[in-house]
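For reference, the structure is listed below as structure tokens.
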Amino acid sequence: MRLSQFYLPVMKETPADAQIASHRLMLRAGMIRQAGAGIYSWLPLGFRVLKKIEQIVREEQNRAGAVEMLMPTIQQAELWRESGRYDAYGKEMLRIEDRGGREMLFGPTNEEMITEILRAGAKSYKDLPKLLYHIQWKFRDEVRPRFGVMRGREFLMKDAYSFDLDEAAARRSYNKMFTAYLRTFARMGLKAIPMRADTGPIGGDLSHEFIILADTGESAVFCDRQLIELSVPGKDTDFNDDLQPIVDRFTSLYAATDEMHDADEFETSVSEQNRISARGIEVGHIFFFGEKYSEPMKAVVAGNDGKDIPLQMGSYGVGVSRLVGGVIEAFHDEQGCKWPMAVAPYHVGLINLKAGDAATDAACAKIYRELEDAGVEVLYDDTSARAGEKFARMDLIGLPYQIVIGPRGIKSGEAEFKRRADGDRSEVAIDSVAAHVAGLVEEALRYD
Ligand code: 5CA
């Protein structure tokens, strides 16, 4: 992509009302534009990161055996009356009336709708288990939308739902999602720690929040330092195996959110030097709630003996749009973002220091083509901006690698190569820089 063609409205000033780094940087780097309180447009650069995160979530859901579908954003109040949540959900639910006076709502979550879908289609115990998910915009009329996409009113969520015949089978589904989440966040470069959590308006009695530690996080959390060092299950994990040992490994060490914290247990079970009391960002939340929805909504299947079996359910959320902010909180400096390769909007930034100079243009065009041919995603700064402005802009948007080409380098046959993560710079021969960088990108994109 040529920058002259792209839309990248970067801001030089720091936006006054943005309190945390990710919110400031997303505005400054032209990733989002506020449309209303807690509602954002995703500009081209931000949209690319959102899509990369969404795709990692999707790949790991699929690997775990979940099946993708899509439910609408607008739901009927009727459905929510069946579960009793239409009134219970309170002011967080955005209620709408259509022209016929029918009560509708913008979905804050989809337990009711998916239960209705299974109720209509699954008739026999032979139709279970099922594990379904979608990635869809939600709306919650939050009291305090803040921190940009971190706590929005409209936000993108992956929500999965499991349906099983008994509690033991439901636990197996829970364990699949638990394991998939460990992998999902690790692929984005994040260390997300599963913590015992409160279930809130979703309900149930078994629940974990996946938390990344960050000073700007909204939740107070407590955990054992050893959790940070645990290695995440590899891509050869067989999701049809017994995953309980994996779950046990992560849940045997102390980790709890504020609401579930037990100060006495924390002190007795964790040695003093391993105790972490910190703040965290909730990037995922999983629940097992048995018959909470299937019972009032009469979602049953016929068992082997012809008797009705109520569906045992769980639900599993990932904050896809929140993760864009979460990754920035984990990877940035004063100058801007420092994207991990897996979620970077482009892999490489190519800077032309003298656009309009025939030799420099030709050298850049050649490198640009070679990189694209090698499958590398390149943002080519072919604009006439000054060098200083180009460097600052490239650091702000934080692409992992930069290649800089100017008349001086052309004379000596050298390009400058810069790694954004640590600022390391080196000279690479212009003729081989594309192949060299393509190799590094490929390596960085490899994962276990
Ligand atoms: N139905 C269940 C699981 S599918 C559910 O809705 N769970 S949740 O309420 O915990 O939301 C799932 C995830 O969505 C959270 O872990 C969080 O990462 C994200 N999320 C929740 N509220 C917001 C919000 N206001 N802005 C951005 N992300 C949010």
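Every heavy atom of this structure was used, including side-chain atoms; hydrogens, water molecules and symmetry mates were not. Indexing begins at 1, ligand by ligand and atom by atom, following the structure's order. This chain uses plain numbering: 1 for the first residue, then up along the sequence.
Of all protein heavy atoms, the one lying nearest to atom 17 (C) of ligand 1 is Arg322 NH1, 3.5 Å. Scanning the protein for heavy atoms near atom 7 (N) of ligand 1, the closest one is Phe287 CE1, 3.4 Å. Of the protein's non-hydrogen atoms, Ile202 CD1, 3.7 Å is the one closest to atom 5 (C) of ligand 1. Scanning all protein heavy atoms for the shortest distance to atom 22 (N) of ligand 1 gives Phe155 CZ, 3.5 Å. The shortest contact between atom 6 (O) of ligand 1 and any protein heavy atom is with Arg140 NH2, 2.8 Å. Summary of contacts: the protein heavy atom closest to atom 19 (C) of ligand 1 is Gly319 CA, 3.6 Å. Protein heavy atom at the shortest distance from atom 27 (C) of ligand 1 is Met150 O, 3.3 Å. At the top of the distance list for atom 4 (S) of ligand 1, counting protein heavy atoms only, stands Asp159 CB, 3.2 Å.
Panel note: side chain Asp166, backbone Ala169; a donor-acceptor pair is recorded below 3.5 Å. A donor-acceptor pair under 3.5 Å links the side-chain atoms of Arg119 to the main chain of Met297, judged by distance alone. Between the Thr179 side chain and the Ile246 main chain, no donor and acceptor come within less than 3.5 Å of each other.
For ligand 1 and Glu111, the ligand atoms under 4.0 Å from any heavy atom of the residue are 1 (N), 2 (C). Atoms of ligand 1 lying under 4.0 Å from any heavy atom of Gly284, numbered from 1 in the order shown and given with element: 16 (O). Near Val149, the atoms of ligand 1 lying under 4.0 angstrom from a non-hydrogen atom of the residue are 27 (C).
In plain terms, the two heavy atoms of Ala77 and Leu105 that are nearest each other are CA-CD2, 4.0 Å.
Between Thr109 and ligand 1, an N or O atom pair is found at a separation short of 3.5 Å. Between Gly152 and ligand 1, at least one N/O pair is under 3.5 Å apart.
If you check each of Ser315, Ser321, Gly317, Gly326 against atom 2 (C) of ligand 1, the one with the closest non-hydrogen atom is Ser315. The option from Glu282, Met157, His285, Arg144 that lies nearest to atom 11 (O) of ligand 1, judged by heavy atoms, is Met157.
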(request) Report the C-alpha distance between Gln136 and Asn110 in whole Å, list the side-chain angles of each, state the deciding distance to 0.1 Å, and finish with yes or no for side-chain hydrogen bond (donor to acceptor under 3.5 Å, both in side chains). (result) CA-CA 10 Å; Gln136 178 62 292; Asn110 284 61; over 6 Å; no
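The pair Arg58-Glu54 meets the salt-bridge criterion, with a side-chain N (NZ, NE, NH1 or NH2) lying under 4.0 Å from an Asp/Glu carboxylate O.
Between Phe289 and Phe287, the angle of the ring planes lies from 30° to 60°, which puts this pair in the tilted group. Ring geometry for Phe210 versus Phe178: interplanar angle over 60°, hence perpendicular rather than tilted (30 to 60°).
The closest approach between any non-hydrogen atom of Ile286 and ligand 1 is not below 4.0 Å. Residue contacts with ligand 1 leave out Lys138, since none of its heavy atoms falls under 4.0 Å from the ligand.
No cation-pi contact links Arg2 to Tyr380, judged by a cut-off of 6.0 Å to the six-membered ring centre and 45° from its axis. A cation-pi arrangement, defined by a distance under 6.0 Å to the six-membered ring centre and an angle within 45 degrees of its axis, is present between Arg48 and Tyr346. Within the cation-pi definition used here (under 6.0 Å to the ring centroid, within 45° of the axis), Lys191 does not qualify as a partner of Phe185.
Under the ring pair (Phe, Tyr, Trp, His ring centres under 6.0 Å) criterion, His261 pairs with Phe222, Tyr254, Phe266, not counting sequence neighbours.
Proximity of Glu142 to ligand 1, defined as any heavy-atom pair under 4.0 Å, is confined to the side chain (atoms from C-beta onward). Using a 4.0 Å cut-off between heavy atoms, Asn110 makes no contact with ligand 1 at all.
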